[in-house]
Visitor: 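Here's a structure for you.
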Amino acid sequence: VHDLGIFNIQEKTIQSC
Amino acid sequence: MITHGEQGDLAFCRAGDESWTILRRGFRPYDDIIYHKERFYTLGNHGGLDAWDVSSSSPKRTVIAQVPPVLTGGRVIHKRYLVESSGDLLLVLRHDYFDDDANSPSQLHRTGGFKVFKLEERSSMNPRWVEVKSIGDRVLFLGDNYSVSISAREFPECSANCIYFTDD
């Protein structure tokens with residue numbers, strides 16, 4: 001499982017890539 | 001300045017030097033290094049921040065912030081990063097996915113989130129880490145070797161107030 005993505009600091013959510 | 005080798009020795013080399021100078025040995029004593037405001041900063045593996053002046057023949061270490069920020073709610077720090085953004089020195093904590101259900105192996109080793117802190121330097125007191133809830137239009141790229149920040153205004157392909165991270 002790859003562990004990379006974009007974390008939105010305000011929403012505290014991760015968009016996986 | 002680098003950490004290198006299996007043990008993660010700390011070493012530096014100035015322009016004109018013919019070899020690297022070892023500053024500290026030990027078992028992976030440092031998590032990250034950054035050059036900021038004409039000094040090298042090292043983040044110890046327990047979270048302490050030091051600054052190094054390597055301009056003289058006998059490099060000098062200064063303790064900047066001994067008390068590292070911690071995470072609450074059962075979250076475990078997976079990795080720490082130093083990154084400069086708009087002139088500030090930031091410490092970013094990466095934590096693993098936290099699930100009350102211990103029987104969910106699919107979430108093991110997945111990043112759960114990040115917390116960002118800024119080094120607040122006060123004239124009369126020791127610097128301290130203060131949590132940052134927003135980095136505005138900045139974008140952080142966290143890397144195993146080095147981390148950088150850019151402006152989403154200058155690079156509109158990137159999302160503002162976001163951290164781009166890779167698998168380590």
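Protein chains get the first letters and strands the later ones, always in sequence-line order, with residue 1 at the start of each. In what follows, every heavy atom counts, from backbone to side chain, and hydrogens, waters and symmetry copies are set aside.
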Visitor: Should the heavy atoms of other residues, nucleotides or ligands under 6.0 Å from NZ of B:Lys118 be counted, would the total exceed 12?
Guide: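 No, NZ of B:Lys118 has 12 or fewer neighbouring heavy atoms, counting only those of other groups under 6.0 Å.
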Visitor: Side chain, backbone, both or neither: which part of A:Ser16 has a non-hydrogen atom closer than 4.5 Å to chain B?
Guide: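 It is the side chain, since no backbone atom gets that close.
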Visitor: My understanding is that only residues two or more places apart in sequence, or in another chain, count here; which of them pass side-chain contact (heavy atoms from CB on, under 4.5 Å) with B:Ser159?
Guide: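 Listed in chain order: B:Cys162, B:Tyr164.
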Visitor: Quick one: pull up CD1 in A:Ile9 and NZ in B:Lys115 and give me the separation to the nearest 0.5 Å.
Guide: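 The distance works out to 11.0 Å.
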Visitor: Taking side chain as everything from C-beta outward and backbone as N, CA, C, O, which of these in B:Arg94 sits under 4.5 Å from a heavy atom of chain A? Side chain, backbone, both or neither.
Guide: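 Contact with chain A is through the side chain of B:Arg94 alone.
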Visitor: What about B:Leu49 and B:Leu71, same hydrophobic cluster or not, with Ile/Leu/Val/Met/Phe/Trp/Tyr joined at side-chain heavy-atom distances under 4.5 Å?
Guide: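 Linked, B:Leu49 and B:Leu71 end up in one cluster.
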Visitor: Is any side-chain heavy atom of B:His78 closer than 4.5 Å to one of A:Asp3?
Guide: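 Answer no - side chains too far apart.
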Visitor: How long is the span from the CZ atom in B:Phe141 to the CD1 atom in A:Ile6, to the nearest 0.5 Å?
Guide: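 One gets 8.0 Å once the value is rounded to the nearest 0.5 Å.
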Visitor: Return yes when atom CD of A:Gln10 has more than 12 non-hydrogen atoms of other residues, nucleotides or ligands closer than 6.0 Å, and no otherwise.
Guide: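 12 or below, so no.
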Visitor: Is there a side-chain contact between A:Phe7 and B:Leu140 (heavy atoms, below 4.5 Å)?
Guide: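 They are not in side-chain contact.
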Visitor: In chain order, what residues pass the ring pair (Phe, Tyr, Trp, His ring centres under 6.0 Å) check against B:His4, with sequence neighbours excluded?
Guide: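 Once residues adjacent in sequence are excluded, B:His4 has no partner under the ring pair (Phe, Tyr, Trp, His ring centres under 6.0 Å) criterion.
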